[in-house]
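Labels below follow one simple rule: chain letters A, B, ... track the order of the sequence lines, proteins then strands, and each chain is numbered from 1. Fair warning: this is a prediction, and the values are worked out from it, not measured in the lab. All heavy atoms count here, side chains included; hydrogens, waters and symmetry mates do not.
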There are 2 protein chains.
Amino acid sequence: MAETARHSESRYGNRPTMKDVAARAGVGLKTVSRVVNSEPGVTPDTERRVQEAIEALGFRRNDSARVLRKGRTASIGLVLEDLADPFYGPLSRAVEEVARAHGALLINGSSAEDPEREQELVLALCARRVDGLIVIPAGDDHRYLEPEMKAGIATVFVDRPAGRVDADMVLSDSFGGARAGVAHLVAHGHRRIGFIGDQPRIHTATERLRGYHAALADAGIEVEDSWVSLGPTDPARVRAAAEAMLAGPEPVTALFAGNNRVTVTAVRVLAECERRIALVGFDDIELADLLGITVISQDAAAVGRTAAEHLFRRLDGAAHAPARVELPTRLIPRGSGELPPA
Amino acid sequence: MAETARHSESRYGNRPTMKDVAARAGVGLKTVSRVVNSEPGVTPDTERRVQEAIEALGFRRNDSARVLRKGRTASIGLVLEDLADPFYGPLSRAVEEVARAHGALLINGSSAEDPEREQELVLALCARRVDGLIVIPAGDDHRYLEPEMKAGIATVFVDRPAGRVDADMVLSDSFGGARAGVAHLVAHGHRRIGFIGDQPRIHTATERLRGYHAALADAGIEVEDSWVSLGPTDPARVRAAAEAMLAGPEPVTALFAGNNRVTVTAVRVLAECERRIALVGFDDIELADLLGITVISQDAAAVGRTAAEHLFRRLDGAAHAPARVELPTRLIPRGSGELPPA
DNA sequence: TAGGCCCTGGACAACGTTGTCAAGAGAATG
DNA sequence: CATTCTCTTGACAACGTTGTCCAGGGCCTA
């Protein structure tokens with residue numbers, strides 16, 4: 001009776017505990033634990049009684065307590081930039097599938113491309129003692145993760161390399177992809193090609209720009225300053241950049257878009273333009289086939305899957321040196337990249 | 001010394017605990033706890049010593065233990081259908097923002113439209129004692145949640161109503177949206193309008209179908225069986241359904257697509273078709289403006305935000321009867337819905 | 001029938017944290 | 001100077017679970 005009263009004031013509403021189940025089933029605490037965990041050494045009859053008590057009380061094991069005792073949370077953290085970005089949805093989903101196959105839950109958070117917020121999120125996840133972390137870096141200094149990694153939290157960086165820290169990474173071949181895309185435009189006769197990309201702080205942005213320069217250098221073309229624009233990828237900035245490149249006496253005849261957000265805005269701008277400007281975008285977009293947009297496609301799901309599999313291999317004890325995996329990209333010609341110079 | 005040895009074998013790598021910090025700083029355990037939680041009653045000098053010890057050891061509070069003691073996990077669970085679906089990315093992100101504003105983390109999982117998997121996920125989240133749940137139901141019987149809700153886990157159902165359980169819900173006006181969309185087609189002269197939707201098990205699918213029927217009834221049009229097709233929304237099934245409606249002696253002159261996946265496939269099929277078939281789709285799609293697709297738009301972010309705010313109001317103690325919020329939809333004409341009958 | 005063994009079940013401590021409470025040191029008051 | 005009061009500090013229990021270890025009972029064997 002006193003027992004009941006105590007529980008009705010308990011913090012979890014009035015969740016029954018194993019102790020309550022044990023009392024109701026007339027067995028010891030540990031026996032309930034055994035039944036709940038399907039451990040051997042319980043007679044069918046006892047097990048039945050315990051199960052009945054569990055049903056009757058609506059008992060559900062408290063995983064917090066379990067975690068405290070066992071030291072494994074069976075959860076991993078995923079810190080990405082923005083879940084609303086169509087590139088990260090499939091990535092996150094792929095990570096989740098792998099986690100599920102390993103019986104783990106996924107906690108995720110968006111950094112909104114803010115290094116401070118990234119750190120805050122990562123540390124919160126560490127405080128929960130996630131078993132592992134997959135991080136799409138916003139910042140470029142991850143030394144704050146060192147104590148955590150030393151303490152055994154497996155970490156894989158994705159899409160962009162980690163800063164000042166030695167860890168596993170899974171990247172797409174941004175340099176090679178951009179180089180191939182720009183070379184494609186060159187092959188179709190373009191000599192004046194614009195590049196609109198993300199902020200230089202972001203590794204993929206500079207890698208793609210490097211690929212752009214490499215392709216033009218390969219073709220013996222000298223890049224003019226006005227052809228390149230790096231910065232935030234909100235529609236307003238991208239629109240302004242694109243319009244600037246298309247205006248003036250010697251406008252570009254083709255554009256290379258540094259990521260999916262840039263591509264979307266570029267398509268809008270080009271649709272309003274009377275001249276036919278060629279376009280190749282980094283990242284595939286839904287319905288791009290119908291719009292005839294030529295893209296460099298990276299397989300977001302494959303990136304996520306690879307990273308997660310890496311992580312779980314670490315969690316299962318793999319102790320080799322940090323690896324750096326680079327996944328290939330693919331050029332998908334659909335028309336916009338094959339337009340001749342206007 | 002023995003202390004050190006014990007810890008070096010500990011399960012969390014060798015994470016220092018408050019006890020270790022206390023020993024190093026030469027203070028009591030509780031004093032460390034006070035510093036970590038910024039509780040009052042610690043002299044600046046003591047605080048400094050403790051902070052130093054925390055830094056030196058790389059201490060990070062173990063939230064599992066904290067949760068066990070305090071009873072609040074400061075995390076909420078989100079169970080949706082598929083994170084890779086462009087409708088759910090923004091929804092999830094909106095939920096995350098609200099959670100973040102309340103200092104909570106978001107754990108999410110995909111049910112893949114499988115009721116069993118939904119239940120499995122929800123119960124796993126309950127075992128972790130998330131403070132609250134936001135569920136996009138896959139199944140139609142949620143009585144399994146009753147003990148959990150009674151035990152104090154706040155729950156909000158989103159996008160589709162809960163089955164056999166009294167709880168808060170945030171829905172979009174599927175019926176009204178579909179009715180308006182189909183009426184739009186009727187207003188543009190169509191009398192033979194096809195409907196391709198999701199499986200009838202899914203509430204939004206039947207609501208939208210109901211809207212379709214209502215609009216046609218309003219116009220005094222009798223629906224033919226062959227105009228309606230419900231089922232999985234994978235491209236193959238949708239394509240087959242669309243092609244069937246467009247073939248035969250009396251084909252439909254317009255299509256209403258029951259969700260974004262259907263719309264995407266429908267656009268592809270119609271693009272291959274020589275006749276101009278009108279199309280209105282439920283859910284907006286990126287770049288739909290460029291493709292000129294008329295849609296019924298529901299604001300995924302608003303749905304997520306509303307649900308999350310509802311949830312936290314519950315967590316902050318709101319105890320009114322379960323509410324049912326229905327958010328309006330918006331018809332966005334872009335061309336495809338305004339085509340006259342071929 | 002005695003001895004030993006196996007099998008089931010339970011008592012107890014421990015995980016790392018926070019709430020309660022009481023003790024001790026100074027400061028303020030009479 | 002004695003007393004009370006305040007402020008800082010630490011000892012201890014508790015949260016709900018699991019691992020360790022031991023006890024008791026039934027069964028088999030000699």
Report the distance from atom CZ of A/Arg128 to atom C1' of C/dT17, rounded to the nearest whole Å.
-> 14 Å
Where does the angle between the aromatic ring planes of A/His142 and A/Phe157 fall among parallel (under 30°), tilted (30 to 60°) and perpendicular (over 60°)?
-> perpendicular
Checking D/dT17, D/dG19, D/dA13 against the side chain of A/Arg61 (C-beta onward), the nearest is D/dT17
Roughly, in whole Å, what's the span from CG in B/Leu68 to P in D/dT18?
-> 12 Å
Using a cut-off of strictly less than 4.0 Å, decide whether A/Arg66 has a side-chain nitrogen or oxygen near OP1 or OP2 of D/dT18.
-> yes
Is there side-chain contact between B/Arg15 and B/Asn62, with at least one heavy-atom pair below 4.5 Å?
-> no
For C/dG10, does either OP1 or OP2 sit under 4.0 Å from a side-chain N or O belonging to A/Thr31?
-> yes
Nucleic acid contacts of residues 32-58 of chain A, taken as heavy-atom distances under 4.0 Å to DNA chain D | A/Ser33, A/Asn37, A/Glu39
B/Arg72 CZ to C/dT17 C1', straight-line distance once rounded to whole Å = 18 Å
Out of curiosity, B/Ser92 OG to B/Asn108 CG, how far, rounded to the nearest 0.5 Å?
-> 4.5 Å
Note, A/Arg49 side chain near A/Thr31 side chain (heavy atom, < 4.5 Å) | no
B/Leu29 side-chain proximity, nearest of D/dT17, C/dG16, C/dT18 | C/dT18
Spacing of B/Lys19 atom NZ relative to D/dC12 atom C1', expressed in whole Å = 13 Å
Starting from the first five and the last five pairs of the helix from C/dT1-D/dA30 to C/dG30-D/dC1, work out the angle between the resulting helix axes, to 10 degrees.
-> 50°
Answer whether the closest heavy-atom distance between the side chains of B/His310 and B/Arg313 falls below 4.5 Å.
-> yes
Can you figure out which of D/dT17, D/dT9, D/dG19 approaches the side chain of A/Lys70 most closely?
-> D/dG19
Distance-only polar pair, side chains of A/Thr73 and A/Asp131, donor-acceptor under 3.5 Å = yes
Rounded to whole Å, the CZ-C1' distance (A/Arg69 to D/dT18) equals 5 Å
Atom-to-atom span, CG of B/Asp63 to C1' of C/dC15 - whole angstrom = 15 Å
Does any N or O donor sit under 3.5 Å from an N or O acceptor when you compare the side chain of A/Lys30 with the base of D/dG19?
-> yes
Spacing of CZ belonging to A/Arg60 relative to CZ belonging to B/Arg128, to within rounding of 0.5 Å | 14.0 Å
Compare all side-chain heavy atoms of A/Val158 with those of A/Val303 and state whether any distance is below 4.5 angstrom.
-> yes
Contact check, side chains of A/Glu39 and A/Lys30, non-hydrogen atoms, under 4.5 Å = yes
